[in-house]
Chemist: 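Shown below is the structure under consideration.
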There are 2 protein chains.
Amino acid sequence: MPLLVMKFGGTSVATLDRIRRAAKRVGREVANGYDVIVIVSAMSGKTNELVGWVNETSPFYDAREYDAVVSSGENVTAGLMALTLQEMDVNARSWQGWQVPLLTNSAHASARIESIPTDNLNSRFASGMRVAVVAGFQGISPEGRITTLGRGGSDTTAVAFAAAFGAERCDIYTDVDGVYTTDPRISHKARKLDRIAFEEMLELASLGAKVLQTRSVELAMRYNVRLRVLSSFEDNGADAGTLVCPEEDIVESNVVSGIAYSRDEAKMTLISVADRPGIAAAIFGPLAEAGVNVDMIVQNISEEGRTDMTFSCPVDQVRHAEKALEASRDRGDVNFADLVADTDVCKISVVGIGMRSHAGVAAKMFECLSSEGINIKVITTSEIKISVLVHRKYLELAVQALHDAFGLDKAA
Amino acid sequence: MPLLVMKFGGTSVATLDRIRRAAKRVGREVANGYDVIVIVSAMSGKTNELVGWVNETSPFYDAREYDAVVSSGENVTAGLMALTLQEMDVNARSWQGWQVPLLTNSAHASARIESIPTDNLNSRFASGMRVAVVAGFQGISPEGRITTLGRGGSDTTAVAFAAAFGAERCDIYTDVDGVYTTDPRISHKARKLDRIAFEEMLELASLGAKVLQTRSVELAMRYNVRLRVLSSFEDNGADAGTLVCPEEDIVESNVVSGIAYSRDEAKMTLISVADRPGIAAAIFGPLAEAGVNVDMIVQNISEEGRTDMTFSCPVDQVRHAEKALEASRDRGDVNFADLVADTDVCKISVVGIGMRSHAGVAAKMFECLSSEGINIKVITTSEIKISVLVHRKYLELAVQALHDAFGLDKAA
């Protein structure tokens, strides 16, 4: 029988009533002739409660025990979902990570999936089980201890099951009805995309369109899993949500697919750094060690052996960055005249696989911002993305103007 | 190293603060040179919440899924307790039932323990672990599914571990400080017993002194596990609580150890039943099938081939009993003139292993009740117990009078 993976996030299973609604969706797919693997998160709020208890008990907790405690929320939902399906006369059974088993490495609290042997579930499917409800976010280490995959790990669980079992599709039910051309709270013209390429989704996800966990998209891309994001709170037709899929499955598309943004950025500039080989490593090594997530990096041209080095990072990490860089200077590893932090910036990105074949996207973007009187502070580009830092007060204006300029309110 | 089993019930681990207090007790025993197996219940209220969800989801639930859901509460406490001990620099690790493993049969929701292989934990103890925190109440079936042992199963888990690992003692921490000669709410002269024999404890437990689950006492008796009941909410000296132990460990004792009672009893009499072989089976078989817990049974002498048959059962089962008996009459299986239910009775029992060697206990009991003007409705006796049914209004008076008559306020 063809197989579907369906994943329900915390808000989609927050109450018994919502679990029932989710179960009805599963029942419909079973009636359509699918065997289904359902991946469930914990009821929303539960994981936070458990994490809170762990933190209060032991600030520097043993991650093995963290995992043992925190994984329990998903087990509850899995059992309740299986019971709900049974009440609907669907042959269903719950599975905890160790029962499947979902094998991971031993990196507790952020374990990576090693493999998912399929024999166990497949023999149950063969003998009449129609739905396996699997507790998301968890697995078992080679030592036989429970592991968790880190936040958002249920999306990753779903994609991994879809890959291992060769599912026809992996449907991610969440509280939004798909991926939008931009944040609808910022532009009312934002339009839901029917399809988006994996690469685009990766750029959008990491840029703040927090619909899917980045790791799950990477995994889907690697194993060519067709991923659909759709709402648990609406009636979905066959074309509901957004399909995240290989580039070649997208026949028609705009050159640009979406405008992403990140509000709380900071721009830091090291003035007059000695421009010598190894200087970048000397600067960014200690920053990485200090836990600073450096995003954009721009090095200006060198004059008389000295240069300015600019980078961006989340605004709440500025202090850490300053401390790390000053410590480097004190040790004599890096020499700079001054360190200037601009904490009033945001990042705006234009994303689209169409850029690969269409020139002039960057020019159009800069022209649009210029015509609105928005000064660009930093620019970086990749194959399918152009990002700029601008003053934070321009965030909404920039997003709206770019959305219009690239005609994103209209389908291709 | 010598080994202790320490069990903490739901109220003893109800909050992070109480878990810390429990952990301190464990730490003290580790400092005393013991390896410790700690058995924990779910935080109080948690199991009820989970059971409530299951019942609401599926009134006739699949017990396999019930077990998967309901067992999660203990897992949370086990992890938190291990973390708390680690914070105190005690080498501790949590274990879920399937990890130990605690092997049970497949009778989900009321599974029986088959065995507890000791290799796994013992090899950890050998390599430095000092405390194994085990989630109580749960095990794993031959099919690899999670099982639970039924309500109060954590006591049974504790005793089973003590038996399997040859523990020096099994300490049950609860919200009372031991076993009393009677209910202190009824007689202010009630006195805590330092020691009580297994057999006595069984009679007292099943009669309503709800300190220890009956199954756990039976198991302790079978494997000769020294069981100590004591309070988590008091500082306990070496002689704290009550030791439940083999009869031969009790050197001095009163003839009678305690006065138990059961408030909500009903007395039912079948008037003029045909006294023929098989009549008892014909009456009590259908009652058992109807889920009626018949306790005392008395058959009066037969006159002209007919007799009166009296039995007691919980007062809230009277309706069920009546229905079952009338159905039997309608089917022609049992013939009786009338069925009289007296729903205003209670049961008072005098319990003590000393009765085996001392005559006159029954006479003293009847005399005492008679001198208080209390009419006895039904009497049954066993080797170490005499029970009577009396009008419910005499419950407090009877308990207090008997407690005085047998001198239970004074130690032997």
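Excluded from the calculations below are hydrogen atoms, water molecules and symmetry mates; all remaining heavy atoms, backbone and side chain alike, are included. Throughout, a chain's letter reflects where its sequence line sits, starting with A, and its residues are numbered from 1.
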Chemist: Roughly how far apart are B:Lys46 NZ and A:Ser72 OG, rounded to 0.5 Å?
Modeler: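 One gets 9.5 Å once the value is rounded to the nearest 0.5 Å.
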Chemist: If you tally heavy-atom pairs under 4.5 Å against chain B, which of A:Ala82, A:Ser94, A:Ala135, A:Gly79 wins?
Modeler: A:Ser94
Chemist: Roughly how far apart are A:Arg20 CZ and B:Thr57 OG1, rounded to 0.5 Å?
Modeler: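 If I round to the nearest 0.5 Å, the distance is 6.5 Å.
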Chemist: Where does B:Leu83 contact chain A at under 4.5 Å (heavy atoms): side chain, backbone, both or neither?
Modeler: both
Chemist: Is there a donor-acceptor pair under 3.5 Å between the side chain of A:Gln99 and the backbone N or O of B:Gly144?
Modeler: yes
Chemist: Is A:Leu80 in contact with chain B via its backbone, its side chain, both, or neither, using a 4.5 Å heavy-atom distance?
Modeler: both
Chemist: Name the option with the most non-hydrogen atom pairs under 4.5 Å to chain A; the candidates are B:Ile19, B:Val54, B:Asp67.
Modeler: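 Maximum pair count with chain A is reached by B:Val54.
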Chemist: Would you name the heavy atoms of B:Gln86 and A:Glu65 that are closest together and state the gap between them?
Modeler: NE2-CG, 3.8 Å
Chemist: Check whether more than 12 heavy atoms from other residues, nucleotides or ligands sit under 6.0 Å from atom CZ of B:Arg18, and answer yes or no.
Modeler: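 Yes - once you tally the heavy atoms of other residues, nucleotides and ligands closer than 6.0 Å, there are more than 12.
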Chemist: Is it the backbone or the side chain of A:Leu50 that comes under 4.5 Å from a heavy atom of chain B, or both, or neither?
Modeler: side chain
Chemist: Could you look at A:Met43 and say if it's the side chain, the backbone, both or neither that has a heavy atom under 4.5 Å from chain B?
Modeler: side chain
Chemist: Answer with side chain, backbone, both or neither: which region of A:Glu49 has an atom nearer than 4.5 Å to a non-hydrogen atom of chain B?
Modeler: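 Answer is side chain: those atoms of A:Glu49 sit under 4.5 Å from chain B.
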Chemist: Any side-chain heavy atom of A:Asn75 sitting closer than 4.5 Å to one from B:Val69?
Modeler: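 No, every pair of side-chain atoms sits at 4.5 Å or beyond.
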Chemist: Where on A:Ile146 is there a heavy atom nearer than 4.5 Å to chain B: the side chain, the backbone, both, or neither?
Modeler: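 A:Ile146 touches chain B through backbone and side-chain heavy atoms alike.
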Chemist: Do B:Glu87 and A:Pro59 come within less than 4.5 Å of each other through their side chains, counting heavy atoms only?
Modeler: yes
Chemist: Counting only heavy atoms closer than 4.5 Å, note whether A:Ile140 contacts chain B via side chain, backbone, both or neither.
Modeler: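 It is the side chain, since no backbone atom gets that close.
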Chemist: Hey, could you give me the OG1/CH2 distance between B:Thr15 and A:Trp53, rounded to the nearest 0.5 Å?
Modeler: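 The CH2 atom of A:Trp53 is 10.0 Å from OG1 of B:Thr15, to the nearest 0.5 Å.
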